[in-house]
Number of protein chains: 2
Amino acid sequence: MSDQEKINQFMQKCRDKGLSVTPQRLSIFKALMNDSSHPNPETIYKGIKEENPTISFATVYKALETFEKHGIIKMVTSLHNTVRYDPMLQQHHHIVCAKCKKVIDLVDEDLNQIKIPESITKENQFLDFSIQFNVICSECRARQ
Amino acid sequence: MSDQEKINQFMQKCRDKGLSVTPQRLSIFKALMNDSSHPNPETIYKGIKEENPTISFATVYKALETFEKHGIIKMVTSLHNTVRYDPMLQQHHHIVCAKCKKVIDLVDEDLNQIKIPESITKENQFLDFSIQFNVICSECRARQ
DNA sequence: TATTAATTAATAAATATTATCAATTAGAAA
DNA sequence: TTTCTAATTGATAATATTTATTAATTAATA
Ligand SMILES: [Mn+2]
Ligand SMILES: [Mn+2]
Ligand SMILES: [Zn+2]
Ligand SMILES: [Zn+2]
């Protein structure tokens, strides 16, 4: 998809959701749309403030949060707000509630057997892997 | 494994790594060892300060960090220090460097085909899943 | 063009994490 | 058992990250 197509799609999504297409939001989206580095808000802010010197850091935070809420972009991890520790050392997987951030262990030998792509082991020192299943838990669903 | 066995194993690991077994560390480990809620440092701190009223919050942080560094416990997410955003909406997976926190996309149709355990879909509203491959990237390995 | 609700910029406040350092202590040595 | 010393702790300051507040501005609609 061309840059222009991505931009048009973004603007259409905003209109569909009743979001104004502001120069700030457009600038933030354009900075992200071809960036595969999974940047944080500060990196995005620094990247755009040269061509948009009056933009506020809080605007970047809020725009990204708004985009995410409307499914225009994704967060790499929903558990970034605080470090969480785990005493279980054996390989296992996690069921994570997108609302309440509850994390449930899932021990499943079948899931441990996936084939690790060679592209990973060729380029890097492989350590381990874990699958995150994103859900809305029954408590949070009942609460809606 | 019994509580006492877990505690003995913990103390042995500390000795093997040259870490002192302090009452604070023991208290923190005991709070975590049977806790499957993946707590954050504040929760652990609150949980132990009744029986250890003089313990400092910073001590909890430092002990957890030390345990993690020595493989006594794990972090649920290595990407907690700041939110990271992703413009790619199609399902894909992530190769994450444990050192530099670089995140590389991995689009792999085979990996998308894993069987979602029924225990997940039975109890929760399933949203999606993503696999995180933890590695040490070639740059970081070269740097060591 | 005028109206208005949404958005922004500036900044304060809140929350999370890390650094500093004097006092204490666990573990080794005597 | 006592002494010694490097590691650890508690207290707190500093830093980093995120969210809230609010007056001014503006995008979208009529
Ligand atoms: Mn777990
Ligand atoms: Mn990605
Ligand atoms: Zn929930
Ligand atoms: Zn790296």
Side-chain angles (χ1 to χ4, degrees), chain A residues 7-8 10-31 38-46 48-70 72-73 75-85 101, chain B residues 7 10-31 38-70 72-73 75-85 101:
Chain A
I7 291 166
N8 290 342
F10 166 74
M11 294 197 297
Q12 192 54 54
K13 277 189 188 175
C14 285
R15 290 195 199 97
D16 291 349
K17 314 264 184 188
L19 298 173
S20 301
V21 177
T22 65
Q24 292 88 343
R25 282 177 175 167
L26 203 47
S27 182
I28 292 161
F29 179 77
K30 287 203 275 186
H38 308 82
N40 63 12
E42 190 184 12
T43 303
I44 293 168
Y45 173 65
K46 286 178 176 166
I48 64 179
K49 83 175 162 191
E50 197 165 343
E51 64 171 29
N52 205 334
T54 65
I55 199 167
S56 168
F57 196 13
T59 297
V60 175
Y61 260 95
K62 203 174 310 173
L64 291 167
E65 186 189 355
T66 301
F67 294 169
E68 200 277 335
K69 188 164 61 185
H70 288 86
I72 294 167
I73 62 176
M75 287 194 306
V76 175
T77 168
S78 57
L79 298 174
H80 67 280
N81 285 295
T82 178
V83 61
R84 306 269 298 263
Y85 286 102
K101 313 303 182 194
Chain B
I7 291 166
F10 166 74
M11 294 198 296
Q12 191 54 54
K13 277 189 189 176
C14 284
R15 291 195 198 97
D16 291 349
K17 313 265 183 189
L19 298 173
S20 299
V21 178
T22 66
Q24 292 88 344
R25 282 176 176 167
L26 203 47
S27 181
I28 291 161
F29 179 76
K30 286 203 275 189
H38 308 82
N40 64 12
E42 190 184 12
T43 303
I44 294 167
Y45 174 66
K46 286 179 176 165
I48 63 179
K49 82 173 162 192
E50 197 164 342
E51 65 171 27
N52 205 335
T54 64
I55 198 166
S56 168
F57 196 13
T59 297
V60 175
Y61 259 97
K62 204 174 311 172
L64 291 167
E65 186 189 355
T66 301
F67 294 168
E68 201 277 334
K69 188 164 61 185
H70 289 86
I72 294 168
I73 62 176
M75 287 193 306
V76 175
T77 168
S78 57
L79 298 174
H80 67 280
N81 285 294
T82 177
V83 61
R84 307 269 298 263
Y85 286 102
K101 313 303 183 195

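Chain A is the first sequence line, chain B the second, and so forth, proteins listed ahead of strands; every chain is numbered from 1.
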Could you tell me how far apart [X] ([atom1]) and [N] ([atom2]) are, to the nearest whole angstrom?
X: B:Tyr61; N: D:dA14; atom1: OH; atom2: C1'; answer: 15 Å
X: A:Met11; N: D:dA27; atom1: CE; atom2: C1'; answer: 13 Å
X: A:Ile55; N: C:dT7; atom1: CD1; atom2: C1'; answer: 11 Å
X: B:Lys62; N: C:dT20; atom1: NZ; atom2: P; answer: 11 Å
X: B:Asn52; N: C:dT25; atom1: CG; atom2: C1'; answer: 14 Å
X: A:Leu64; N: D:dT19; atom1: CG; atom2: C1'; answer: 14 Å
X: A:Phe57; N: C:dA14; atom1: CZ; atom2: C1'; answer: 15 Å
X: A:Leu79; N: C:dT17; atom1: CG; atom2: C1'; answer: 17 Å

**Request:** Give the ring-plane orientation class for A:Phe10 versus A:Phe29, where under 30° counts as parallel, over 60° as perpendicular and anything between as tilted.
**Result:**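 Rings of A:Phe10 and A:Phe29: parallel, under 30°.
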
**Asked** Which pair of heavy atoms, one from B:Met75 and one from A:Tyr85, lies closest together, and at what distance?
**Response** CG-CE2, 3.5 Å

**Message:** Does A:Ala58 reach a base, just sugar-phosphate, or nothing at all? Heavy atoms under 4.0 Å.
**Reply:** base

**Message:** Over all strands shown, is A:Asn81 touching base, sugar-phosphate only, or nothing at heavy-atom distances under 4.0 angstrom?
**Reply:** sugar-phosphate

**Prompt:** Are any of A:Thr82's side-chain N or O atoms less than 4.0 Å away from OP1 or OP2 of C:dT17?
**Reply:**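 So the side chain of A:Thr82 is within the cut-off, an N or O lying under 4.0 Å from OP1 or OP2 of C:dT17.
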
**Asked** Considering only side-chain heavy atoms of A:Thr59, which listed nucleotide, D:dA20, C:dT17, C:dT8, is closest?
**Response** C:dT8

**Asked** When you measure from every atom of DNA chain D, which of residues 15-27 of chain B have a heavy atom less than 4.0 Å away?
**Response** B:Leu19, B:Ser20, B:Thr22, B:Gln24, B:Arg25

**Asked** Under 3.5 Å, is there a donor-acceptor pair linking the side chains of A:Gln12 and A:Asp16?
**Response** yes

**Message:** Are the side chains of A:His80 and B:Thr77 in contact, using a 4.5 Å heavy-atom criterion?
**Reply:**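 No. Closest side-chain heavy atoms not under 4.5 Å.
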
**Asked** Mind checking whether B:Ile48 and B:Val60 have side chains closer than 4.5 Å, heavy atoms only?
**Response** yes

**Carboxylate-amine/guanidinium proximity below 4.0 Å for A:Lys69 and A:Glu65** = no

**Request:** Examine distances only and state if a side-chain atom of B:Ser27 and a backbone atom of B:Pro23 form a donor-acceptor pair shorter than 3.5 Å.
**Result:** no

